[in-house]
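Notes to accompany the following structure.
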Amino acid sequence: MNAPQRPPREFYEDAPVPVQRRKRNLLRRHWLTGAFICGVVVIMGRSSAQLYQTETKLQDVRVQHKELDARIDEARQRGATLQAELDRAGSAANLEVRAKQLGFIHPDETVYQKGK
């Protein structure tokens, strides 16, 4: 088996001399990459701005929610107070006292209450 032989020396001497190219401008070579990066930066900036606005709105809604919860608690307490007052006003003993004060029952009269 014979190994391939190199061409003779004259072959290399007659070969054309490579021309050295001048370097191209980096902007011409990579403008698309730059545009892509700028696009990504713009999208990320807008996304972060929307995230900030959403977080601000969320904080406002949380404050409103706390205020409404406080108002609901106040209303419940007031409702409980009014219910207790209504129960006291509607009790049989209280009605008897009010009836005596208004003159519907004479002082010597006996009031019979319906049993439960």
| query | Considering only heavy atoms from C-beta outward, does the side chain of Met44 approach that of Val40 to under 4.5 Å? | reply | yes
| task | Determine whether more than 12 heavy atoms belonging to other residues, nucleotides or ligands lie under 6.0 Å from atom CD of Glu55. | result | no
Atom pair [atom1]/[atom2] of [X] and [Y] - distance to nearest 0.5 Å:
| X | Y | atom1 | atom2 | value |
| --- | --- | --- | --- | --- |
| Asp73 | Leu68 | CG | CG | 11.0 Å |
| Lys57 | Gln53 | NZ | CD | 6.5 Å |
| Arg46 | Ile43 | CZ | CD1 | 9.0 Å |
| Asp69 | Glu74 | CG | CD | 11.5 Å |
| Arg78 | Glu85 | CZ | CD | 8.0 Å |
| Leu32 | Ile37 | CG | CD1 | 10.0 Å |

| task | For residues 92-103, pull every pair meeting salt bridge (charged side-chain N to carboxylate O under 4.0 Å, His left out), keeping only residues two or more places apart or in separate chains. | result | Glu96-Lys100
| remark: With sequence neighbours left out, the residues meeting side-chain hydrogen bond (donor to acceptor under 3.5 Å, both in side chains) with Gln83 are Asp87
| note | Here the pair of heavy atoms bringing Gly45 nearest to Ser48 is O-OG, 2.8 Å
